[in-house]
Amino acid sequence: MIEARHLRVLRAVSQSGSFSAAARELGCTQPAVSQQMRALEQSVGTPVLVRTGREMRLTEAGEALVRHAAGILGGLVAAEEEVAAIAGLRAGRVRLVSFPSGSSTLVPAAVAALRERHPGTRVSLVEAEPPRSVDMLRAGEADVALAFRYPTEGERGGDPGGAEWRDLEARPLLTDRLVGLVPRGHRLEEAGTSGEVGIKELADEPWIAGCPRCRRHLVEVCEAAGFTPRIDFATDDYPAVVGLVGAGLGVAVLPGLALESVRPKGASIVRVAPEVRREVVALTLPDLVRVPAVASMLEHLAEAAAAPRPRLAAGAGSYAD
């Protein structure tokens, strides 16, 4: 019989590449990891790992077990949480992973509402951009992932409806328009205040880019307009992007959510064409939807996304009511 503990150890070995690294990750000894793997191989009747030099490589049987491990372990977590809630043993927990602009805008209101209605629920938060956050969800390291993607990513996959998340429960939250950011006094500042600025008009500017996924999308949009952006700076930190633009070091395109919590000092917001919006969703494993604390977290994230949002006004970083 295959045991859950064996699957957890096998997954750690496959991700780390060695028994010693897996032992450090799991907080146990290398002999204990080796013993668990021998027990698993005895249970399934075939090798699941082979040594290649200093690393361990999965056999075909090992690959099959790792492929099924996330769903099996996620189902066990769901069962544990649901039974505990029914039995009244504890109120539950939610491990949330979110991209930074979601952490500063949607998450605070959602977590505050959850704690007000369910004071005993424990909520933890770590930050990660997709696809890393989605990988954490599938690996059982999080219960809810706040993620986003751009329309062209769905088109590349041949399924604009969400092939990337087909195995997950996806709750659409909002669409987030991207806006341009230029230094105060920039030649296109006035044009972006009264109308839209074609992104090709920024072809000769130095650019400040964001996270890898946002960076890739920026390049795609610019190349579709006939040029390749010269990216001088790249950072996942939105306040740093705003600061670099405000210092006159380049231009940027940022999601509206990012500018809700960061005042663009020294920079001006301009509307760029073509208009681009990213899709923001809350993701979880199908089995976890039945866990009361997870279901409540999804509900409160949807409420936070549906609440009236400040409307970005083109110009010197102001907001319109």
Side-chain angles (χ1 to χ4, degrees), residues 2-28 30 32-33 36-37 39-40 44 48-49 55-82 84 92-100 102-103 107 122-149 153 157 162-171 211-213 236 280-291 293-295 297-298 301:
I2 299 174
E3 298 184 24
R5 56 181 177 148
H6 294 159
L7 291 179
R8 290 191 180 94
V9 174
L10 177 63
R11 187 174 64 186
V13 173
S14 71
Q15 291 174 342
S16 63
S18 69
F19 284 174
S20 57
R24 288 193 297 271
E25 179 182 331
L26 296 169
C28 61
Q30 182 175 339
V33 170
Q36 293 287 329
M37 292 299 90
L40 175 59
V44 299
V48 297
L49 291 163
E55 293 189 345
M56 304 301 296
R57 179 175 60 83
L58 292 171
T59 64
E60 185 177 359
E63 290 176 350
L65 287 173
V66 169
R67 190 167 59 249
H68 290 286
I72 293 170
L73 296 174
L76 289 173
V77 171
E80 178 187 348
E81 295 287 347
E82 189 172 1
R93 68 169 188 186
V94 182
R95 295 169 300 164
L96 183 62
V97 57
S98 171
F99 55 94
S103 298
V107 170
R122 294 176 290 126
V123 181
S124 62
L125 170 67
V126 294
E127 285 192 344
E129 301 276 0
R132 171 57 184 153
S133 57
V134 182
D135 291 340
M136 291 174 64
L137 175 64
R138 289 194 176 105
E141 299 170 16
D143 304 310
V144 176
L146 199 60
F148 65 86
R149 71 168 193 174
E153 294 174 316
E164 181 183 11
W165 303 321
R166 187 172 291 159
D167 60 322
L168 303 173
E169 179 74 17
R171 300 286 177 88
C211 72
R213 171 165 280 195
D236 295 349
V280 177
V281 302
L283 302 170
T284 190
L285 296 173
D287 286 332
L288 290 177
V289 177
R290 299 193 301 272
V291 176
V294 171
M297 186 78 259
L298 293 174
L301 283 170

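Predicted model only: the values in this text are computed from it and were never measured.
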Task: Derivation and outcome, side-chain contact (heavy atoms from CB on, under 4.5 Å), residues R149 and E164 - done: CA-CA 9 Å; R149 71 168 193 174; E164 181 183 11; 3.6 Å; yes
Task: Test side-chain contact (heavy atoms from CB on, under 4.5 Å) applied to M136 and V126, step by step - done: CA-CA 10 Å; M136 291 174 64; V126 294; 3.8 Å; yes
- [ ] Apply side-chain contact (heavy atoms from CB on, under 4.5 Å) to the pair L146 and S133, showing each step before the final yes or no.
- [x] CA-CA 8 Å; L146 199 60; S133 57; over 6 Å; no
Task: side-chain contact (heavy atoms from CB on, under 4.5 Å) between E25 and Q15, intermediate numbers included - done: CA-CA 10 Å; E25 179 182 331; Q15 291 174 342; 3.9 Å; yes
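Results of the side-chain contact (heavy atoms from CB on, under 4.5 Å) test with V144 over L125, L288, L301 single out L301 as the only residue that passes.
One distance of note links CZ of F19 with CD of Q36; it measures 11.0 Å at 0.5 Å rounding. Atom CZ of R138 is separated from atom CG of L285 by 8.5 Å, given to the nearest 0.5 angstrom. Annotation: the span from L7 atom CG to L40 atom CG amounts to 6.5 Å, rounded to 0.5 Å. In this structure, the separation between CG on L73 and CD on E141 is 11.5 Å, given to the nearest 0.5 Å. To the nearest 0.5 Å, the span separating CE on M297 from CG on D143 amounts to 11.0 Å. Here CD of E127 is found 3.5 Å from OG of S103. Values are rounded to the nearest 0.5 Å.
A128 and V97 get closest at one heavy-atom pair: CB-CG2, 3.8 Å. The shortest non-hydrogen separation linking L10 to G62 is CD2-O, 4.1 Å. The heavy-atom pair separating A170 from L283 by the smallest distance is CB-CD2, 3.5 Å. Of all non-hydrogen atoms in V107 and S98, the two that sit nearest each other are CG2-OG, 3.9 Å. Here the closest heavy-atom approach between residue D287 and residue G75 is recorded as OD2-CA, 3.5 Å. A142 and L137 make their closest contact through O-CD1, 3.4 Å (heavy atoms, listed as atom of the first residue, atom of the second, distance).
In this structure R5 satisfies the side-chain hydrogen bond (donor to acceptor under 3.5 Å, both in side chains) test together with E3, sequence neighbours excluded.
In this structure the side chain of D167 never reaches within 4.5 angstrom of the side chain of P286, judged on heavy atoms. Between S14 and M56 the shortest side-chain heavy-atom distance does not fall below 4.5 Å. Considering only heavy atoms from C-beta on, R93 stays 4.5 Å or farther from S124 through its side chain. Side-chain contact between P130 and W165 is absent, with no heavy atoms from C-beta onward closer than 4.5 Å. Put simply, the side chain of L58 does not reach to within 4.5 Å of the side chain of V13, judged on heavy atoms. Within the 4.5 Å cutoff, the side chain of V291 has no heavy atoms near those of the T284 side chain.
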